[in-house]
Amino acid sequence: MNVADLTFLALCLPFLGALVAPVLTRFLGQNAAWVLALIPAFVFLHFLGFSAEIARGETVTGGYLWVPSFNVSFSWLIDGLSLTFLLLISGIGALIVVYAGGYLKGHPNQGRFFSFLLMFMGSMLGLVASDSFLMLFVFWELTSITSFLLIGFDHHREAARRAAFQALVVTGGGGLFLLAGLIVLWNISGVTQFSALSSLGPVVKASPLYLAALVLVLGGAFTKSAQFPFHFWLPNAMEAPTPVSAYLHSATMVKAGVYLLMRLNPVLGGTPEWQLILPVFGAATLVIGALLAVRQTDLKLMLAYTTMSSLGLLVLLTGFGAPYAIEAAVLYLAAHSLFKGALFMVAGIIDHETGTRDVTRLGGLRSAMPLTFVIALAAAISMGGLPPFFGFLAKEEVYAAFSTFELRSIGFGMLVVVGNALMFAVAFAVALKPFVGQPVATPKHAHEAPVLLWLGPAVLALAGLAAAVLSGTVHSLISSPMASAIAGQPRTVDISLVPHVGVPLALSVLTVVLGAGFYLGLARLRDAVAAALVAIGWGPDRGFDQVIRGLLRLSFAVTRRLQNGRLDSYMTATFLMVAVVLLLPPLLFGEMARPPIFPSGIPLHELAIMAIAVIGLLAVLMAKDRLTAIVSLGIQGFSVAVIFLLYGAPDLAFTQFMIETLAVVILALVMTRLKLSQSDHRPMRQTLPDMAIALACGLGATLLLMKVTEGPFNTALTDFFNQYSKTIAHGSNVVNVIIVDFRGTDTLGEIAVVMIAGLAVLSLIRLRAGSMRRIADNNPDAEEGGR
């Protein structure tokens with residue numbers, strides 16, 4: 001098996017694992033986690049094998065043709081950016097699978113959970129590896145669908161159902177914006193591959209459609225990565241089980257929008273619009289998320305809002321355009337994945353072993369859970385940006401990006417300091433408050449977690465330490481190639497545990513001092529933020545509910561108006577639209593048919609047939625009762641059938657004779673069974689509009705037919721069937737050959753539709769007959785009266 005086939009297998013393997021997960025769990029229970037974790041472990045090792053090649057500045061591409069006529073392929077692009085995400089998704093994913101085995105031990109639907117988790121993992125792997133626009137969009141939407149299943153896993157709870165629905169609506173709606181943006185980029189550049197698009201940045205930026213493409217792409221990215229004001233779905237997603245929260249926030253869906261912005265930075269970045277919109281929305285998300293985090297007392301919600309804040313910082317750095325900004329984004333993304341995954345799993349351990357995750361009801365757990373305490377403290381140190389962890393390197397590089405004395409750098413730099421200080425306070429609140437102080441009684445007797453639970457966060461915490469100590473190797477294999485891919489040109493990351501002396505170090509010290517102050521006054525700060533939110537009242541989360549309620553009311557109002565249960569209203573609306581479609585476009589675009597020139601010398605018998613058709617039409621209009629009108633209506637059909645016969649189409653004429661005969665008979669039978677008045681008693685105010693619509697439809701059909709016949713007849717299709725009907729289908733009757741052979745599947749479908757409709761009618765007839773018999777059995781007098 002070659003490298004391309006192995007890569008394809010690695011991208012598809014999680015979906016295959018999702019198929020067998022329920023069966024494995026049924027036989028192995030929670031120990032199935034060890035077996036299923038081998039899947040992401042294999043994916044991790046496979047893509048890790050590309051690291052030396054990527055470090056040399058090369059890219060790995062491959063794939064298979066999907067729709068060649070539209071240049072659509074199932075193709076992948078592996079460079080420094082996608083490789084980092086692939087390693088994070090698969091590496092952390094393996095730990096999450098193991099963690100889920102212990103967290104959901106004994107859960108009756110654990111197998112289904114593993115299946116959803118692996119599908120989600122496969123969707124994210126496909127998203128970040130995609131080279132094709134369409135492939136990326138398909139996996140983008142798959143992440144929304146699979147996250148819906150994971151967030152709503154505990155579907156018996158209304159809060160979980162609401163959170164899953166909210167996440168699906170927001171991220172799915174953003175996906176439509178992304179699709180439109182990709183189509184615009186395709187229209188501008190003429191390519192459908194990111195590998196080809198990356199060199200066309202000047203062409204895209206010079207296009208008048210650049211701003212439209214930018215806004216549409218940002219709509220998809222901001223909704224996926226929970227940027228203000230689309231942030232509200234992310235904290236609500238904490239209704240999912242903790243393994244989902246840890247995976248969602250550390251390495252997967254919430255970073256998909258950031259990934260997209262980084263991928264398109266060489267194409268859309270560097271413009272004034274890019275450097276204005278991204279920093280403004282990123283800074284707003286950073287500060288708002290951090291403030292909302294200190295208000296919470298639930299450990300998961302505290303961490304969720306800091307994830308929102310971190311995503312804002314990543315968006316700000318991606319669009320800031322200053323030296324070191326891209327490098328800082330790369331380092332902070334990797335550091336955040338490590339410490340946030342560990343802290344979320346720690347929060348889950350606390351909840352699992354004590355029965356609560358309310359920080360105000362926890363304390364003194366250090367003696368009962370010493371290993372968990374050490375893991376939490378290590379992750380918090382990295383999140384707080386303190387040495388010797390990788391978060392320290394990230395924070396130093398972040399402040400290096402804001403170290404100039406320009407007004408723009410000073411303004412955004414101060415916002416970043418405040419946001420980081422608030423996150424510092426939250427990190428140590430999560431890591432210290434549950435463990436220090438006097439022991440507090442908890443709903444469950446606290447004890448250390450089993451290995452399935454503590455293994456994942458321990459590995460991530462140690463990885464944060466090892467990445468900082470071995471920063472040279474990490475930068476050469478991961479950080480520098482990723483920064484180069486985002487920037488579209490070679491970049492070198494060389495930050496180490498030795499800090500930047502000067503402004504960055506001063507800002508770092510200021511962050512620690514402010515963070516410590518926020519931590520000590522956390523209770524007062526929490527009350528102040530809560531009071532401010534009460535004073536504000538309305539928020540995007542409530543606005544979402546209002547929008548959904550308004551949409552439902554609008555849909556009910558429209559439905560009551562348009563679906564009023566009257567067949568005549570439906571027919572009027574339908575034929576009105578037919579008339580508009582037939583008449584309006586020719587008038588607008590000057591394609592109206594020329595007045596016809598009737599040829600002279602029409603045979604007398606043809607004129608007679610036409611006269612019969614006109615007489616039949618007058619008979620329909622002048623009929624005094626419905627039955628006469630139905631019979632008269634058949635005159636037109638028979639006249640047209642005779643014209644077909646005269647012009648050499650006997651099979652078509654025969655079909656028309658059959659249809660007209662059956663139509664008249666069936667309509668007559670139906671009319672005799674319905675309780676209708678014998679004649680049409682519509683008032684003039686209804687008759688005139690109906691007449692106008694009917695005339696407009698007839699005129700439009702006539703003009704369309706005349707316009708079609710004005711052009712020269714293209715005989716290509718006729719010549720094809722005449723040439724090949726005998727040689728290929730072995731039939732002399734061209735019409736029969738077309739129906740049976742060339743359009744065989746279409747004809748089979750039509751027959752199936754007619755058969756299904758006939759069965760449905762038969763069922764309704766039998767149902768009505770059975771109802772009538774039951775009525776007669778229960779009420780013999782009614783039966784006699786009916787006779």
Side-chain angles (χ1 to χ4, degrees), residues 116 120 123 137-138 140-181 215-241 244-245 248-249 252-254 256-257 260 281 284-285 288-289 291-293 295-296 298 300-301 304-305 307-309 311-312 315 530 532-565:
F116 292 165
F120 181 59
S123 302
F137 173 73
V138 169
W140 185 279
E141 293 299 273
L142 275 176
T143 60
S144 296
I145 295 170
T146 50
S147 66
F148 168 81
L149 297 174
L150 287 169
I151 296 170
F153 180 71
D154 294 328
H155 54 83
H156 58 279
R157 295 190 298 110
E158 182 181 355
R161 297 195 301 270
R162 178 184 180 272
F165 171 74
Q166 189 179 71
L168 181 65
V169 170
V170 175
T171 60
L176 297 179
F177 279 95
L178 173 62
L179 177 61
V215 171
L216 291 170
V217 168
L218 292 183
F222 281 8
T223 52
K224 204 75 162 182
S225 285
Q227 295 301 288
F228 179 84
F230 307 108
H231 64 279
F232 51 88
W233 72 265
L234 183 58
N236 291 337
M238 294 304 96
E239 295 295 336
V244 177
S245 303
L248 195 76
H249 286 247
T252 52
M253 192 172 88
V254 297
L260 180 67
F281 279 89
T285 307
I288 293 172
L291 288 172
L292 292 175
R295 177 210 177 194
Q296 308 301 321
D298 185 298
K300 283 178 62 175
L301 283 177
Y305 278 108
T307 296
M308 169 188 159
S309 190
L311 294 171
V315 170
L533 291 176
V534 170
I536 294 172
W538 187 90
D541 188 41
R542 184 182 301 178
F544 174 83
D545 292 334
Q546 292 170 343
V547 168
I548 295 299
R549 283 195 296 268
L551 185 62
L552 289 174
R553 291 194 185 99
L554 177 63
S555 63
F556 283 130
V558 171
T559 301
R560 283 196 302 268
R561 181 69 176 172
L562 298 181
Q563 301 290 332
N564 55 15

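In this text the structure is predicted, and so the values were computed from the model without any measurement.
- Separation of atoms CD (Glu141) and CG (Leu176) is listed at 6.0 Å; rounding is to 0.5 Å.
- The side-chain hydrogen bond (donor to acceptor under 3.5 Å, both in side chains) check on Lys224 picks up Thr143, Ser144, with sequence neighbours excluded.
- Crowding of Phe281 atom CZ: a count of heavy atoms from other residues, nucleotides or ligands under 6.0 Å not exceeding 12.
- Nearest heavy atoms, His231 versus Pro540: CE1-CG, 3.7 Å.
- The minimum heavy-atom distance linking Ala163 with Glu239 is given by the pair CB-CG, 4.0 Å.
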**Study point:** Working for side chain to side chain contact (heavy atoms under 4.5 Å, CB included), residues Met238 and Ile151
**Key:** CA-CA 8 Å; Met238 294 304 96; Ile151 296 170; over 6 Å; no
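- For the pair Arg161 (side chain) and Asp154 (backbone), a donor-acceptor distance under 3.5 Å is absent.
- One distance of note links CG of Leu150 with OG of Ser245; it measures 10.0 Å at 0.5 Å rounding.
- The closest donor-acceptor contact from the side chain of Thr285 to the backbone of Gln227 lies at 3.5 Å or more, if one exists at all.
- Taking all atoms of both residues into account, the shortest heavy-atom contact from Gly289 to Ser309 is C-CB, 4.1 Å.
- The minimum heavy-atom distance linking Ala304 with Pro235 is given by the pair CB-CA, 4.1 Å.
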**Study point:** Chi angles and distances behind the side chain to side chain contact (heavy atoms under 4.5 Å, CB included) call for Leu248, Val254
**Key:** CA-CA 6 Å; Leu248 195 76; Val254 297; 4.3 Å; yes
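- Between Asp545 and Arg162 there is a salt bridge, with a side-chain nitrogen of the basic residue lying less than 4.0 Å from a carboxylate oxygen of the acidic one.
- Taken from CH2 in Trp140 to OG1 in Thr171, the straight-line distance is 9.0 Å, to the nearest 0.5 Å.
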Check your understanding: Under the side chain to side chain contact (heavy atoms under 4.5 Å, CB included) criterion, do Leu533 and Leu292 qualify, and how do the steps go?
Key -> CA-CA 9 Å; Leu533 291 176; Leu292 292 175; 3.6 Å; yes
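- Interatomic distance, Trp233 CH2 to Leu168 CG, rounded to the nearest 0.5 Å: 11.0 Å.
- Side-chain contact check for Phe116 versus Val244: every heavy-atom pair is 4.5 Å or farther apart.
- Aromatic ring orientation, Phe232 versus Phe544: tilted (interplanar angle from 30° to 60°).
- Considering CE of Met308 and CZ of Phe230, their distance stands at 12.0 Å, rounded to 0.5 Å.
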Practice item. Please report the C-alpha distance between Arg295 and Tyr305 in whole Å, then the side-chain angles of each, then the deciding distance to 0.1 Å, and finally whether the side chain to side chain contact (heavy atoms under 4.5 Å, CB included) criterion is met. Key: CA-CA 10 Å; Arg295 177 210 177 194; Tyr305 278 108; 5.7 Å; no
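- Annotation: the span from Phe177 atom CZ to Thr223 atom OG1 amounts to 8.0 Å, rounded to 0.5 Å.
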